[in-house]
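Everything below concerns the one structure shown next.
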Amino acid sequence: MAKELLPKKSDNISEWYTSVIRIADLADYGPVKGTMIIKPYGYAIWEAIQKQLDGYIKEKGVKNAYFPLFIPMSFLEKEKSHVEGFSPELAVVTVCGGEKLEEPLVVRPTSETVIYDAYGKWIQSWRDLPLMMNQWCNVVRWEKRTMPFMRTSEFLWQEGHTAHATHEEAIEMQNWAMDAYSKVYRDLLAIDGYTGLKSITERFAGAANSLTFESLMPSGKVVQSCTSHDLGQNFSKVFNIKFQDEQGVDSYAWQTSWGYTTRSIAALILAHGDDNGLCLPPNVAPIQIAIVSAKATKEVVDFCRLLNEELVGNGIRSEFDNRDDETFGYKLNKWEVRGAPIVIKVGPREVDNGKLTCRRRDTLSDVEINRGDATINIRELFDEIQSSMLNSSVNYKEENTRTASNYDEFKDIMKQHKGFIKVFWNDDPKIEKIIKDETTATTRCKIAEDTSGVDFYTGKPAKDIWLFAQSY
RNA sequence: CGGGGUGUGGCGCAGUUGAUAGCGCGCCCGGUUUGGGACCGGGAGGUCGAAGGUUUAAGUCCUUUCACCCCGACCA
């Protein structure tokens, strides 16, 4: 624990990022390339996200289930664009129990194929629809360039898979999932972003179209940590997910899949952290309140203990840091690096005057509140911190969304600022490739249909408004 | 996977022309301390990323390999 060892975020955001993960005790490297150990403090963030998102999922009537880790290679090969999209990053098992397998097994990179093989067996009638399942699990994608939380060979996520009788119903589901994701982002992580449709190049392998939530990081690069796909009938046709409707006519089901990953924790670290370390919004902070005593007299310790019990009893994630081998100043810095939203400083002064000195992590300023109604005051402070953090994210996004009306302006913005670039554009993979090669920017999403402008690249009448940016 | 860089106790580093390792922080024990990273005393801990090679002798030279960082391609 040494704050002076933390590189300045403004100097070198990459080194800052990997250091803060280690110093704040979020995670450590695993023994295998690209793998990571998520430590309790980091995992608790994931649990807070899970709790919220799992609640939304259940409210919607989607059931949790679990499907196998191993998938026969032939399953992936059934959907052409799916296997083409994933084959470069597959981990494949060829030997089991000391014997070479007849058919290699893929460690799931995503579970469409294994789940839809089962759906094909389970769905016979319109009465079986909609079929809506979700699983919380790990997936493996052998990435070339890894980074803790941002891009690991194995990562945790939730994947929802649904089958519906109509395309409209499937689209409603797809939109619902993205709404839930953006609520998690905004309400829990205090991160704003743009929701929209992916381009032909960027969409999920096997999807008819993909919705995404894109959030801008201080480096000027953009993070995508969740997507929601309209799979059309692409998978139902190859996995034979057929049902007989009320008229006795056979049709293929309309499907969606949607996932939210631990990459969102990377966004959380990057978006709010500063030169002093992590800065967590109260709604996801594993420890929302750290109580630190300035002098460990019996009166002070008893005061802290009672306060902590009261807060914990009222559902606040509070901890009394009662270590006797660390000094006051040391503890304050420790909780600062670990990003606890509020540190309550208690000494004889507070015991005497019935006030609490609260240090806000987001503003690094002290606020005095009454001990008497501590819980109420702290809940108010939480709300204030949470919304102030979201506000700064909203402002940052808006300040860094720039409009380009032609390619020269576009290149200029990429050179000077990065961030989001808003343009009129018609989706064209060939042009997207050229732009990427020349500027490193790719489409993030289509945010609106609008025929009032001309395509920034070709100058021809345009149909839509798109956001471009460099992605992580 | 391509280009560049790094690799020495948990962390940050030093180690001259080759002679089998040292510092600071941290850690453990004892004591004094505690309102923004305390101090004194006493300890533990490394064969120098890994494997091979040259040599009487390798942290230092050579080869291979691995990991991490920065920049690309792939990607949630």
Side-chain angles (χ1 to χ4, degrees), chain A residues 1-7 11-19 21-23 25 28-36 84-90 109-110 138-159 181 198 201-205 210 212-215 219 221-229 257-267 276-277 292-297 300-301 322-337 343-351 357 359 364 366 433 436-437 440 442 470-472:
Chain A
M1 181 64 56
K3 196 163 78 177
E4 66 268 24
L5 292 180
L6 186 64
D11 287 352
N12 185 341
I13 196 160
S14 302
E15 269 182 40
W16 171 88
Y17 179 82
T18 46
S19 301
I21 284 172
R22 207 188 59 242
I23 297 172
D25 213 27
D28 204 345
Y29 290 104
V32 175
K33 181 179 165 60
T35 62
M36 71 185 296
E84 279 172 5
F86 282 104
S87 60
E89 54 192 32
L90 293 179
T110 181
N138 58 340
V139 287
V140 169
R141 300 182 187 180
W142 222 254
E143 300 290 352
K144 306 291 187 203
R145 189 174 162 187
T146 58
M147 179 176 171
F149 290 109
M150 186 62 84
R151 199 180 302 97
T152 45
S153 304
E154 175 187 4
F155 60 88
L156 303 183
W157 77 349
Q158 144 286 311
E159 50 177 324
Y181 293 159
K198 280 291 181 193
T201 308
E202 293 276 324
R203 79 171 51 130
F204 178 72
S210 298
T212 179
F213 184 88
E214 304 278 333
S215 52
S219 57
K221 294 200 263 186
V222 166
V223 177
Q224 168 198 337
S225 74
C226 51
T227 44
S228 175
H229 314 292
S257 70
W258 26 279
Y260 181 106
T261 79
T262 40
R263 178 183 274 182
S264 57
I265 296 173
N276 299 308
V292 176
S293 61
K295 271 206 170 68
T297 63
V300 171
V301 169
N322 200 20
R323 280 187 73 143
D324 58 2
D325 60 329
E326 293 171 356
T327 60
F328 181 59
Y330 183 90
K331 287 179 185 170
L332 296 180
N333 281 287
K334 178 177 73 179
W335 290 108
E336 206 164 289
V337 177
V343 174
I344 300 181
K345 301 190 270 192
V346 179
R349 211 156 63 207
E350 283 76 12
V351 174
T357 310
R359 173 75 160 187
L364 294 173
D366 284 346
K433 173 91 170 73
K436 184 178 187 180
D437 290 346
T440 73
T442 52
Q470 188 182 349
S471 86
Y472 261 101

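Every chain is numbered from 1 and lettered A, B, ... according to where its sequence line falls, protein lines coming before strand lines. All of these numbers come straight from a predicted model, not from anything done at the bench.
Smallest separation of non-hydrogen atoms from A/Ser210 and A/Arg203: OG-CB, 3.7 Å.
Here the side chains of A/Pro148 and A/Tyr29 are in contact, with some heavy-atom distance below 4.5 Å. A/Pro109 has its side chain out of reach of A/Val139: every pair of non-hydrogen atoms, C-beta onward, lies at least 4.5 Å apart. The closest side-chain heavy-atom distance from A/Phe155 to A/Arg141 is below 4.5 Å. Side-chain contact between A/Glu350 and A/Thr357 is present, with at least one heavy-atom pair separated by less than 4.5 Å. Residues A/Lys295 and A/Pro348 are in side-chain contact: their nearest non-hydrogen atoms beyond the backbone lie under 4.5 Å apart.
Note on ring orientation: taking the six-membered ring where Trp is involved, the planes of A/Tyr181 and A/Tyr260 are tilted (angle from 30° to 60°).
Of the P atoms belonging to B/rC68 and B/rU34, the separation is 46 Å, rounded to the nearest Å. Annotation: B/rG59 and B/rG9 have their P atoms spaced 14 Å apart (nearest Å). Spacing of C1' atoms, B/rU17 relative to B/rG10, comes out at 34 Å, to the nearest Å. If you take atom P in B/rU60 and the same atom in B/rG52, they sit 14 Å apart, rounded to whole Å. B/rC29 and B/rG45: their P atoms are spaced 16 Å apart (whole Å). The separation of B/rA58 from B/rA21, taken at their C1' atoms, amounts to 13 Å, rounded to a whole angstrom. Straight-line distance between the C1' atoms of B/rG53 and B/rA67: roughly 23 Å, to the nearest whole Å. Rounded to the nearest Å, the gap between the C1' atom of B/rU6 and that of B/rG41 is 38 Å.
Straight-line distance from the CD atom of A/Glu326 to the P atom of B/rC39: 15 Å, rounded to whole Å. In this entry the distance linking CZ of A/Arg22 with C1' of B/rA67 reads 14 Å, nearest Å. Note: CG (A/Asn333) to C1' (B/rG35) measures 14 Å, nearest angstrom. Rounding to whole angstrom units, NZ of residue A/Lys334 and C1' of B/rG26 are separated by 14 Å. In this structure, the CG atom of A/Leu332 is 10 Å from the P atom of B/rA38, given to the nearest Å. Atom pair A/Asp25:CG and B/rG26:P shows a separation of 17 Å (rounding to whole Å applied).
Among the protein residues, A/Lys331 comes within range of no part of the nucleic acid, since none of its heavy atoms lies under 4.0 Å from any strand. Residue A/Gly347 is in base contact, counting any heavy-atom pair closer than 4.0 Å across all strands shown.
With hydrogens and angles disregarded, a donor-acceptor distance shorter than 3.5 Å links the side chain of A/Arg359 to the backbone of A/Leu364. Between the A/Thr297 side chain and the A/Val300 main chain, a donor and an acceptor come within less than 3.5 Å of each other.
Nucleotide B/rG72: paired with B/rC1 (Watson-Crick or G-U wobble, both distances less than 3.5 Å). Base pairing annotation: B/rA57 forms no Watson-Crick or G-U wobble pair, as no partner gives both donor-acceptor distances under 3.5 Å. The base-pairing partner of B/rU6, taking Watson-Crick or G-U wobble contacts with both distances under 3.5 Å, is B/rA67. Remark: B/rG30 base-pairs with B/rC40. Criterion, Watson-Crick or G-U wobble with two distances under 3.5 Å.
Every residue two or more places apart in sequence or in another chain that forms a salt bridge (Lys or Arg N to Asp or Glu O under 4.0 Å) with A/Glu326 is listed here: A/Arg323, A/Lys334.
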query: What's the verdict on side-chain contact (heavy atoms from CB on, under 4.5 Å) for A/Val343 and A/Lys331, showing C-alpha distance, side-chain angles and the deciding distance?
result: CA-CA 10 Å; A/Val343 174; A/Lys331 287 179 185 170; over 6 Å; no

Using atom names, set out every protein N or O paired with an N or O of nucleotides 28-33 of chain B below 3.5 Å, distance rounded to 0.1 Å.
none

- line: Protein-proximity profile, nucleotides 71-76 of chain B, B/S/- by nucleotide at the 4.0 Å heavy-atom cutoff, equals BBBBBB

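Contact check, A/Tyr17 against B/rC68: no side-chain N or O comes under 4.0 Å of OP1 or OP2.
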